[in-house]
Student: 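Dropping the structure in here first, questions after.
Atoms within a ligand are numbered from 1 in the order they appear, just like the ligands themselves. Remember, it's a predicted structure, so these values are computed and weren't measured experimentally.
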Amino acid sequence: MSLTIGVLALQGDVREHLAALTSLGVHAVAVRRPAELKAVDGLVLPGGESTTIAKLARAFDVLEPMRQRIKDGLPVLGTCAGMILLADRVLDGAEGQETVGGLDVTVRRNAFGRQVDSFEGPVEVTGLAEPVHGVFIRAPWVESVGSGVEVLATVGGPDRIVMVRQGSLMATSFHPEVGDDPRVHGLFVDLVTQT
Ligand code: GLN
């Protein structure tokens with residue numbers, strides 16, 4: 001069976017995610033409209049600006065359809081702003097900031113920002129033999145997780161959670177689409193295949 005994975009293409013680093021998925025042999029498509037959302041087996045919510053993406057998702061009438069499909073079990077990978085969008089609860093969000101939700105976590109937006117805006121470094125990820133090179137750009141972290149959520153990676157302490165999974169939902173604080181290492185996308189493709 002050939003898989004189709006969509007990348008929500010309203011704002012953010014869409015092209016890089018499409019390229020990473022394509023390099024894994026997946027049929028990767030941009031998603032902006034409800035009809036395009038219907039056609040995918042999995043979805044990536046990219047990094048960018050979570051408030052902007054949420055507003056555009058509402059304007060393009062894909063916010064509610066995404067919520068519904070996630071309830072129905074659609075696998076989703078959220079990266080950076082996408083992690084914020086996938087979270088049920090946001091700290092330090094903008095006034096009235098909406099999320100798509102589904103992932104039973106509390107994320108803190110721009111969490112690393114008080115010390116350093118952006119940084120890079122190795123991140124050990126459960127399920128991968130070698131660390132990935134994590135690129136963090138005004139990144140959120142996960143501050144608390146519900147009981148069904150597995151912590152896959154932390155940086156600089158156990159309470160700085162930067163990668164999680166809950167069923168077929170996966171999220172990273174960092175940008176796995178930057179660089180030529182599609183292993184995190186590979187973990188997501190495995191999830192989509194199993195779903
Ligand atoms: N700080 C951004 C937000 O709140 C996320 C940054 C990113 O995706 N690189 O949406």
Side-chain angles (χ1 to χ4, degrees), residues 5-21 28 30-32 42-60 62-63 66-67 70 76-123 125 132-145 152-156 159-166 169-185 187-188:
I5 297 184
V7 179
L8 185 68
L10 301 172
Q11 191 258 350
D13 44 4
V14 175
R15 232 174 13 157
E16 293 82 354
H17 279 290
L18 291 171
L21 292 166
V31 168
R32 287 186 196 86
L43 182 68
V44 175
L45 303 178
E49 177 52 52
S50 55
T51 54
T52 306
I53 296 173
K55 280 184 198 150
L56 289 171
R58 191 162 275 300
F60 278 72
V62 287
L63 189 58
M66 278 194 288
R67 286 177 174 159
I70 290 171
V76 181
L77 170 65
T79 66
C80 201
M83 170 191 260
I84 298 170
L85 286 165
L86 204 50
D88 282 342
R89 295 167 298 278
V90 180
L91 301 172
D92 293 341
E95 178 84 28
Q97 176 164 2
E98 281 195 289
T99 71
V100 180
L103 188 61
D104 182 13
V105 301
T106 302
V107 299
R108 186 173 294 279
R109 196 170 168 230
N110 300 327
F112 295 93
R114 276 159 279 142
Q115 296 134 62
V116 55
D117 211 29
S118 302
F119 63 97
E120 305 185 9
V123 180
V125 173
V132 299
H133 182 70
V135 175
F136 295 82
I137 305 167
R138 292 183 296 284
W141 68 44
V142 174
E143 204 142 307
S144 64
V145 301
L152 298 179
T154 59
V155 288
D159 51 353
R160 294 177 169 195
I161 300 165
V162 297
M163 183 167 176
V164 292
R165 184 176 81 93
Q166 171 195 319
L169 304 179
M170 188 181 263
T172 67
S173 299
F174 54 91
H175 285 267
E177 75 285 4
V178 174
D180 276 332
D181 180 358
R183 284 177 298 153
V184 168
H185 291 82
L187 292 176
F188 179 59

Student: Give a yes or no on this: more than 12 heavy atoms of other residues, nucleotides or ligands lie within 6.0 Å of atom CG of D159.
Tutor: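 For D159, atom CG is crowded (more than 12 foreign heavy atoms under 6.0 Å).
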Student: Between F119 and F136, how do the two ring planes meet: parallel, tilted or perpendicular, split at 30° and 60°?
Tutor: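 F119 and F136: parallel rings.
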Student: Can you find an N or O of G48 that's nearer than 3.5 Å to an N or O of ligand 1?
Tutor: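 For ligand 1, there is an N or O atom that lies under 3.5 Å from one belonging to G48.
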Student: Looking only at distances, please establish whether an N/O atom of ligand 1 is found under 3.5 Å from an N/O atom of G47.
Tutor: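 Between G47 and ligand 1, no N or O pair is found under 3.5 Å apart.
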Student: Any side-chain to backbone donor/acceptor pair from E120 onto H133? Under 3.5 Å, distance only.
Tutor: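 No: the side chain of E120 does not pair with the backbone of H133.
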Student: Tell me whether T79 has any N or O atom under 3.5 angstrom from an N or O of ligand 1.
Tutor: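 Between T79 and ligand 1, no N or O pair is found under 3.5 Å apart.
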Student: Mind checking whether T51 contacts ligand 1 via backbone (N, CA, C, O), side chain (CB onward), both or neither, at a 4.0 Å heavy-atom cut-off?
Tutor: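 Looking at T51 and ligand 1, no heavy atom falls under 4.0 Å.
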Student: Is there a polar contact, in the sense of an N or O pair closer than 3.5 Å, between A81 and ligand 1?
Tutor: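 Indeed, backbone or side chain, A81 has an N or O that close.
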Student: As an exercise, identify every atom of ligand 1 less than 4.0 angstrom from a heavy atom of R109.
Tutor: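 Listed by number with element, the hits are 3 (C), 4 (O).
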Student: Could you list which atoms of ligand 1 come closer than 4.0 Å to a heavy atom of N110?
Tutor: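 Matching atoms, with element in brackets: 1 (N).
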Student: Under the 3.5 angstrom rule, does the side chain of R109 hit a backbone N or O of W141 as a donor-acceptor pair?
Tutor: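 Flag not set: sc R109 to bb W141 has no pair under 3.5 Å.
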Student: Answer with side chain, backbone, both or neither: which part of E49 has a heavy atom less than 4.0 angstrom from an atom of ligand 1?
Tutor: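 Both parts.
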